[in-house]
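Below, read A as the first sequence line, B as the second, and so on, with proteins coming before strands; counting in each chain starts at 1.
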Number of protein chains: 2
Amino acid sequence: MELTKWREEILKIIEKSKKPLTAEEIYKINKFKPNFSTVYRALKFLEEKNLIKSISFDKGPKYFYSSKKHYHFLYCTNCGKIEVFNKCIASQLENFIYKNFKFQITDHVFYFKGLCENCKEG
Amino acid sequence: MELTKWREEILKIIEKSKKPLTAEEIYKINKFKPNFSTVYRALKFLEEKNLIKSISFDKGPKYFYSSKKHYHFLYCTNCGKIEVFNKCIASQLENFIYKNFKFQITDHVFYFKGLCENCKEG
DNA sequence: ATTGAAATGCAAATGATTTGCATTCTCAAG
DNA sequence: CTTGAGAATGCAAATCATTTGCATTTCAAT
Ligand SMILES: [Mn+2]
Ligand SMILES: [Mn+2]
Ligand SMILES: [Zn+2]
Ligand SMILES: [Zn+2]
């Protein structure tokens with residue numbers, strides 16, 4: 001037993017979603033309503049299996065998304081809203097890191113902080 | 001009253017440090033021992049005044065550093081160790097964001113996830 | 001010296017996530 | 001088919017970093 005009913009259901013929800021989701025959102029979307037702990041355990045399981053990824057910001061919950069996607073973010077420091085974009089320039093730096101640190105890169109996190117359209121005055 | 005004794009002391013500790021510090025580290029370094037809440041309130045105050053910045057990773061506490069520095073990180077997903085580097089390529093993307101989103105950038109967060117020298121096998 | 005706003009200390013609350021433990025499920029072995 | 005061990009689940013309590021409420025203290029301006 002590993003990829004159980006709940007876990008598959010949760011993986012499907014995440015893969016279908018056009019944007020990253022929080023544990024709570026996933027819990028609410030799921031019509032068969034597993035226990036909240038089960039959701040968290042499923043998310044942990046799926047992330048360990050590299051089927052999903054997560055990102056956390058300064059405050060608030062983690063966001064989960066399919067490993068098939070590659071996201072970067074705009075994080076509003078006022079209301080917490082996140083938007084995504086995909087343009088990625090990290091590979092330029094991987095070479096630099098490889099040369100300068102004995103660090104085995106598995107992923108990267110990149111987001112802009114600032115004010116979303118609603119929160120910036122004007 | 002604004003930039004009080006405790007707050008100045010804490011700002012000095014952060015500015016002198018060669019690496020980002022957690023609230024607890026700052027608390028322990030400070031020889032005059034303010035209350036822990038005071039440390040947190042001071043950090044919040046200093047960050048609002050843009051004198052310091054903070055970053056949080058997937059788990060564990062925030063790290064605080066002087067706004068005079070610009071850091072990026074290598075975050076070990078196994079032991080939580082952080083290392084810093086300064087090479088920054090974000091400005092290339094700022095232009096892209098400006099053109100495509102109505103988002104007012106104030107800062108950015110960029111770090112690599114992976115395994116530090118100790119945690120990677122071999 | 002008086003006063004009021006802001007800062008502090010202390011303890012309790014918070015929010016997201018994790019954990020312990022009893023119960024239930026699954027599936028391969030007999 | 002029965003059985004039993006190893007997962008997975010549900011539930012409640014615990015955790016961890018951080019925040020908050022409230023009583024008390026500090027401080028600068030009058
Ligand atoms: Mn990228
Ligand atoms: Mn940068
Ligand atoms: Zn906003
Ligand atoms: Zn490590």
Q: Which one, dG9(C), dC11(D), dA17(D), comes nearest to the side chain of Asn35(A)?
A: dC11(D)
Q: Take atom CD of Glu24(B) and atom P of dC16(D), then tell me their distance rounded to the nearest Å.
A: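 Rounding to the nearest Å, CD of Glu24(B) and P of dC16(D) are 11 Å apart.
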Q: DNA chain D: Trp6(A) or Lys59(A), which has the more 5' nearest nucleotide?
A: Trp6(A)
Q: Of all the nucleotides listed (dT9(D), dT18(C), dT20(D)), which has the minimum atom distance to the side chain of Arg41(A)?
A: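 Taking heavy atoms from C-beta onward, the closest nucleotide is dT9(D).
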Q: In terms of side-chain heavy atoms of Ala23(B), which of dT17(C), dT18(D), dA8(D) is nearest?
A: dT18(D)
Q: Give the rounded distance in Å between these two atoms: CZ of Phe57(B) and P of dT18(D).
A: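 So the two atoms are 13 Å apart, to the nearest Å.
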Q: Is it true that, when you exclude Glu8(B) itself, more than 12 heavy atoms of the residues, nucleotides or ligands shown sit nearer than 6.0 Å to its CD?
A: yes
Q: Within this structure, what is the CZ-to-P distance between Arg7(B) and dA6(C), rounded to whole angstrom?
A: 11 Å
Q: When you match Thr38(A) and Lys62(B) each to their closest nucleotide on DNA chain D, which lands nearer the 5' end?
A: Thr38(A)
Q: Would you mind reading off the distance between Asp58(B) atom CG and dA16(C) atom P, rounded to a whole angstrom?
A: 16 Å
Q: Whole angstroms only, please: what is the CG-P distance between Leu3(A) and dT9(D)?
A: 10 Å
Q: Counting just side-chain N and O atoms, does Tyr40(B) come under 4.0 Å of either OP1 or OP2 of dT19(D)?
A: no
Q: To the nearest angstrom, how far is Tyr27(B) atom OH from dT8(C) atom P?
A: 14 Å
Q: Counting N and O atoms only, with roles assigned by atom type, does the side chain of Glu25(A) sit under 3.5 Å from a partner on the main chain of Thr22(A), one being a donor and the other an acceptor?
A: yes
Q: Applying side chain to side chain donor-acceptor pair (under 3.5 Å) to His72(B) and His108(A), what does each step give before you reach the verdict?
A: CA-CA 11 Å; His72(B) 295 295; His108(A) 60 266; over 6 Å; no
Q: If I take atom NZ in residue Lys49(B) and atom C1' in nucleotide dA7(C), what distance separates them, rounded to the nearest angstrom?
A: 14 Å
Q: Answer yes or no on whether Lys53(B) is positioned over the face of Phe64(B), meaning its NZ or CZ is under 6.0 Å from the six-membered ring centre and within 45° of the axis.
A: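 Geometry flag: not set, cation outside 6.0 Å or 45°.
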Q: Looking at Lys113(A), is its backbone amide N or carbonyl O close enough to the side chain of Thr106(B) to form a donor-acceptor pair, meaning the two atoms are under 3.5 Å apart?
A: yes
Q: Reckon Ser37(B) has a side-chain N or O less than 4.0 Å from the OP1 or OP2 of dG9(C)?
A: no
Q: Looking at dA7(D), does its base get a donor-acceptor pair with the side chain of Thr4(A) below 3.5 Å?
A: no
Q: In whole Å, I'd like the distance from the CD1 atom of Ile10(B) to the C1' atom of dA7(C).
A: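 In whole Å, dA7(C) C1' and Ile10(B) CD1 are 12 Å from each other.
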